[in-house]
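Report on the structure given below.
The chain is numbered in sequence order, starting from 1.
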Amino acid sequence: TCPTPSPQELEEVRRWEGARDVRPLDGNVRRWTGLLLPNNPPYNTGTFRFELSFSPNHPLEPPCATLLAPIYHPGVDLEGRVCQPLTTHVHWEPTTRAIQVLQDLLLQLDSPDPQRVLRMDVARELQERPEEFRRRAEEHSRLHAEPRPDP
């Protein structure tokens, strides 16, 4: 059988305060879904549904994290793909755990990094007109993010 992410890894993510409602998608242990809870404005008004899919060669190949809700963010493209150096073949280590991938993703949502850019226009706006960027990102979050659960 192919190695799949362990039930312990899923439990570890379920206990983490940065995500909620994490579970295999349609019972498929190679595809997880859940909600990420950003800590910082302009994204902390809502939660963002993600999918984490694991390759049949896991853990030798990195998983792929995708945001399923549209987000106005310089490091996330319009398809929800995220610029995550951690999950590139160059940086991937088979010992990296699923929770580390999600923690890295959340950190990126909380602090957009000018070195991790998939949308140049949004990155430029963030640098040159931060108030305009924040306003658009908040509006986008209001329209597309899911409501925050009660603590």
Side-chain angles (χ1 to χ4, degrees), residues 1-119 122-123 126 133-134 136-151:
T1 61
C2 297
T4 54
S6 69
Q8 291 86 352
E9 276 198 88
L10 185 58
E11 267 316 301
E12 186 177 31
V13 170
R14 284 182 166 155
R15 285 195 304 267
W16 174 50
E17 70 281 357
R20 288 280 183 294
D21 189 29
V22 180
R23 62 185 189 281
L25 190 61
D26 302 325
N28 182 343
V29 293
R30 288 191 192 290
R31 290 176 69 197
W32 297 356
T33 183
L35 295 168
L36 273 181
L37 283 64
N39 298 299
N40 299 339
Y43 307 109
N44 62 349
T45 54
T47 62
F48 293 86
R49 187 159 294 282
F50 68 86
E51 183 180 318
L52 192 62
S53 41
F54 298 89
S55 134
N57 298 323
H58 178 80
L60 300 178
E61 287 182 7
C64 177
T66 317
L67 288 180
L68 303 179
I71 186 169
Y72 193 76
H73 190 289
V76 183
D77 73 10
L78 295 170
E79 308 293 309
R81 288 183 297 247
V82 185
C83 178
Q84 264 191 298
L86 177 70
T87 59
T88 58
H89 288 281
V90 185
H91 294 103
W92 179 252
E93 297 285 338
T95 53
T96 306
R97 301 176 66 75
I99 192 166
Q100 292 169 286
V101 174
L102 293 172
Q103 286 168 335
D104 181 67
L105 177 59
L106 186 62
L107 182 66
Q108 187 165 346
L109 291 186
D110 279 337
S111 346
D113 180 346
Q115 303 306 309
R116 299 179 172 193
V117 171
L118 291 173
R119 293 171 69 187
V122 179
L126 172 60
F133 164 80
R134 178 165 283 126
R136 281 191 199 198
E138 281 172 358
E139 179 67 18
H140 218 75
S141 298
R142 245 195 319 279
L143 289 171
H144 301 290
E146 296 185 38
R148 300 266 307 183
D150 294 324

Completion exercise
Asp77 meets the side chain to side chain donor-acceptor pair (under 3.5 Å) criterion, sequence neighbours left out, with Arg81
Taking the side chain from [X] and the backbone from [Y], do they hold a donor-acceptor pair closer than 3.5 Å?
| X | Y | result |
| --- | --- | --- |
| Thr47 | Glu146 | yes |
| Tyr43 | Tyr72 | yes |
| Asp113 | Gln115 | yes |
| Arg30 | Ser55 | yes |
| His144 | Pro70 | no |

Would you mind writing out the side-chain donor-acceptor pairs for residues 99-106 within the sub-3.5 Å range, not counting sequence neighbours?
from, atom 1, to, atom 2, distance (Å)
Gln100, OE1, Arg97, N, 2.6
Asp104, OD1, Arg116, NH2, 3.2
Asp104, OD2, Gln84, NE2, 2.9

Are [X] and [Y] close enough that some pair of their side-chain heavy atoms sits under 4.5 Å apart?
| X | Y | result |
| --- | --- | --- |
| Arg142 | Pro42 | no |
| Val13 | Trp32 | yes |
| Leu37 | Glu17 | no |
| Glu138 | Thr45 | no |
| His140 | His73 | no |
| Leu25 | Ser53 | no |
| Asp21 | Arg49 | yes |

Which atom names give the shortest non-hydrogen contact between [X] and [Y], and what distance separates them?
| X | Y | result |
| --- | --- | --- |
| Gly46 | Pro38 | O-CD, 3.7 Å |
| Val22 | Arg14 | O-NE, 2.8 Å |
| Leu35 | Phe50 | N-CE2, 3.6 Å |
| Asn44 | Asn39 | ND2-O, 3.2 Å |
| Pro74 | Pro112 | CG-CB, 3.8 Å |
| Pro63 | Leu52 | CB-CD1, 4.0 Å |

Mind checking the [atom1]-[atom2] spacing from [X] to [Y]? Nearest 0.5 Å is all I need.
| X | Y | atom1 | atom2 | answer |
| --- | --- | --- | --- | --- |
| Glu51 | Leu67 | CD | CG | 11.0 Å |
| Thr96 | Leu86 | OG1 | CG | 5.5 Å |
| Leu68 | Glu79 | CG | CD | 12.0 Å |
| Thr33 | Asn28 | OG1 | CG | 12.0 Å |

Practice task
Give the ring-plane orientation class for His58 versus Trp92, where under 30° counts as parallel, over 60° as perpendicular and anything between as tilted.
Solution key: tilted
